[in-house]
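Structure, as structure tokens:
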Amino acid sequence: MDFKTMLHRFTVIPSLTPELSRLQKIATNLWWTWEPEARELFKRIDLELWHTVRHNPVEMLGTLQQATLDSLAADEGFMSTLEQVDEKLQAYLSGTTWFEKMHGKDHQLSTAYFSMEFGFHESLPIYSGGLGILSGDHLKSASDLGIPLVGVGLLYRQGYFRQYLNIEGWQQEYYPENDFYNLPLHLERDENRVPLTVEVDLPGRKLKAHIWRVQVGRIPLYLLDTNLEENSPEDREITAQLYGGDQEMRIRQEILLGIGGVRALRLLGIIPNVCHMNEGHSAFLGLERIRLMMAKFKVSFNEALEAVRAGTVFTTHTPVEAGIDHFHPDLLEKYLGKYYRSIGMSKDEFLGLGRQNPANHHESFCMAVLALKLAAHANGVSELHGEVSRQMWKNLWPELPEEHLPLSSITNGVHAKTWLSHDMAGLLTRYLGNRWLEEPTNQGVWRRMSKIPDAELWRIHERCRERLVGFARERLKAQLAQVGATPKEIEAADEVLDPETLTIGFARRFATYKRGTLLLRDPERLARILNNSERPVQIIFAGKAHPHDTEGKELIRQIVQFSKQEPFRHKIVFIEDYDMSVARHLVQGVDVWLNTPRRPLEASGTSGMKVAFNGGLNMSILDGWWCEGYHGNNGWAIGKGEVYSDIEYQNEVEGRAIYDLLEKEVVPLFYDRGGDSMPRGWISWMKNSMMSLCPVFSTDRMVQEYADRFYTHSYSHWKKLAEDDLKLASDLSKWKANIRSIWHKIRIDGIESNGTDEVASGSKIMASARIFLGDLTLNEIAVDAYFGVLDSRGNIVGGELIPLTKAEDLGGGTYRFQGELECRFCGRHGFLVRIMPSHPELGPIYEPGLLRWG
Ligand SMILES: *Cc1c(COP(=O)(O)O)cnc(C)c1O
């Protein structure tokens, strides 16, 4: 008998009185995760239960006994706090926002932000690490700033794995099931209460998915779930695990996210004008938007592409090609063959969209290439990563000098209120007022940090360190109990670490390039540093290795082995199961945050920013964000940003540099105490660090940049192209096709300048070019001189573009163009002449293949 089909299902929800139902409202808006007063409210109900349910208020409310509910309702203090928090939430949701002030209340921007993972809080485990936390922080700041934005992602039944270590220190993984009915999730239904169902095609079948909403302050996030009875058992697994499974699983997930995501929004009545792809996983969304436009406006692929590209933003996070999804052409044929044919594409055209060189049939299909071709705005996540990305992808724009590639950078940030300790947030409000919240990027506001009395800042920091030590001991005891340690061994965990000792934190994914064991290279020297009786040091580690990464697991094992050996036994601790909760304790309590990636493999890194907000100091290789953050007196740089080819040699040099820094600078500064036992020098560095880093490395600054530089521009451009049934997009596409067919005839016949070989600095020279237009007309081209100082290899570096204008009709379709170049710097100069097509309404347009240098 099939009991499953007979099973009648229903959902039980807590029965709360109208007054207490406010708790439910607060629990189902993730606003509580960054609002300390809301968190306190839940803790106050039952602290032990709060920890047992992994800080999940929805589950907690469902577990409460009637007697507890009654006593809460009778507790006047509690009820009045509840009312205040509820009012604060209402005020938050209805207040005037930064976006309204800057861009107007009636701005028609409608952004959809797509990401494979979102990290908001440990109680909603649908993230693995940096990328997910960034998406979560992006949505939180978008809510604070009032950006018109919705999120789109997948709802994983198991999420990312949980970690524990066996007695040897070897990582074990387990995958607890998420119970959607005990999470802040709302199933989206139609007017007849029937769940909305998205459909996408997979080979020989339709895949169906439900849509769950998570409310993140003002921002809704829609998550797709394929665990439905209508799907085959295999297809129900598509949203089982984050980054689990093989290439086929990955392409199914990406089809669901990209194509299914756009369809889900349509079912909800949302048609975004700007789509932001956080990493290339969601890049198929561009194809679906094009398909929908083709059907609606009866236009060609290329016509629709013009509008869609204008309305698309792509953020790349990966500095190595191997880290990016590549699919074999056969896999694409199997999964998307029918799809691309339905939009009138040939196989070559389609596969070409994912290739740097479309004609190269040996290239596999790369999701980042697809994303770059479908997005008018693209960026890396730090200045250095922007440069690295331009190097990686420069072949996509073969005619452009590197500094002109349409791939810039917006440096990552963190959502301050999520990561700040309650105490530190209170201190900031006491001394900076609410302005640090209202104008988080105002340097002037943060400069007032200098007014905070050293003693207060230090006391708060010490309290957070104590809390971290207490937390580490508790976790250690639980870990020991798990692997069957004796009561005596468990009790001994109270001896590890010391609340007053200089504490270094190192927590991140255990990927080999992050070199988690660099600090352990010279055990004797390390032992001397840690065990100095006057000036001791201790280290707390945490982090997961990818389940298939044996090398990463080996690094963890080594650390655990170290932590059990005598000279390190109470000084080195590994906390299992790194998640946002462990991360919060660490970043709030450490004195120094150590980061040792191999440059330039850390695209940005964000954990060090979380530390900075809490007054900790960074000590890091100059890579990712730290190249921009480090100013000499706000933390430490390991090395000077060198790049090595010999890894072993690099480890030797940089390992030694860490010990040198610790011995000569970090430890002495920390233990240089005055009569009042306060480290004045250290505290002044804490203030330097907070003043210089807090206004810059927040997601408030980051999301403002996305809004000002990308979203609003993307929207205007999209609107121009898409209005009147895609009129301008169609014109543009046809115009480009025409230009393409006649471009080969255009020629630069000669270039002259009136300068002699030596000209005085500050003087002007006249540059001119004779150009044969062929079949183009004068107003269809833009001619510029690309002008600047030459490097030793004769290349122009950091050149500027000076327009050349028509000066003379030489007859027979040839014209002379000229312009004035001002020699502002000394040294060897040069110029090139460049011709680009120029659209009558849109101005100069770059298209690969349609650009002529002379
Ligand atoms: C912040 C954070 C990360 C990302 O840290 P990186 O600096 O990018 O290594 C990863 N995991 C968790 C749990 C975090 O809180």
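In each ligand, atom 1 is the first atom listed, and ligand 1 is the first ligand listed. From a predicted model like this one, the values you see are computed outputs, not experimental measurements.
- Atoms of ligand 1 lying under 4.0 Å from any heavy atom of Gly129, numbered from 1 in the order shown and given with element: 10 (C), 11 (N).
- Contact annotation: Trp419 has at least one heavy atom less than 4.0 Å from an atom of ligand 1.
- Outside the 6.0 Å centre-distance limit, the rings of Trp419 and Phe613 are not counted as a close aromatic pair.
- Aromatic ring centroids of Tyr222 and Trp212 lie 6.0 Å or more apart.
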Would Trp636 and Trp685 count as a ring-ring contact (aromatic ring centres under 6.0 Å, His included) here? Give the steps. CA-CA 10 Å; Trp636 294 273; Trp685 276 43; 5.1 Å; yes
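- Ring centroid separation for the pair Phe574 and Phe541 does not come in under the 6.0 Å cut-off.
- In summary, the atoms of ligand 1 found under 4.0 Å from a heavy atom of Ala583, numbered by their order in the structure, are 15 (O).
- Interface atoms of ligand 1 facing Tyr578, defined by a heavy-atom separation under 4.0 Å, are 11 (N), 12 (C), 13 (C), 14 (C).
- Short contacts between ligand 1 and Ser607, defined as distances under 4.0 Å to a heavy atom of the residue, involve ligand atoms 5 (O), 6 (P), 7 (O).
- Interface atoms of ligand 1 facing Gly605, defined by a heavy-atom separation under 4.0 Å, are 7 (O), 8 (O).
- Contact annotation: for Thr606 versus ligand 1, heavy atoms closer than 4.0 Å belong to both the backbone and the side chain.
- Between Lys514 and Asp623 there is no salt bridge, since none of the side-chain N atoms of the basic residue sits less than 4.0 Å from a carboxylate O of the acidic one.
- Not less than 6.0 angstrom separates the ring centroid of His377 from the ring centroid of Phe314.
- For the pairing with Trp34, the side-chain contact (heavy atoms from CB on, under 4.5 Å) check across Leu420, Val216, Asp137 returns one residue only, Val216.
- For Arg599, the side-chain hydrogen bond (donor to acceptor under 3.5 Å, both in side chains) criterion is met by no residue, not counting sequence neighbours.
- Ligand-side atoms of ligand 1 in range of Lys514: 9 (O), range being under 4.0 angstrom from any heavy atom.
- When the options Glu602, Arg584, Lys610 are ranked by their closest heavy atom to atom 14 (C) of ligand 1, first place goes to Lys610.
- Proximity of Asn595 to ligand 1, defined as any heavy-atom pair under 4.0 Å, is not found for any part of the residue.
- For atom 10 (C) of ligand 1, the nearest non-hydrogen atom of the protein is Gly130 N, 3.6 Å.
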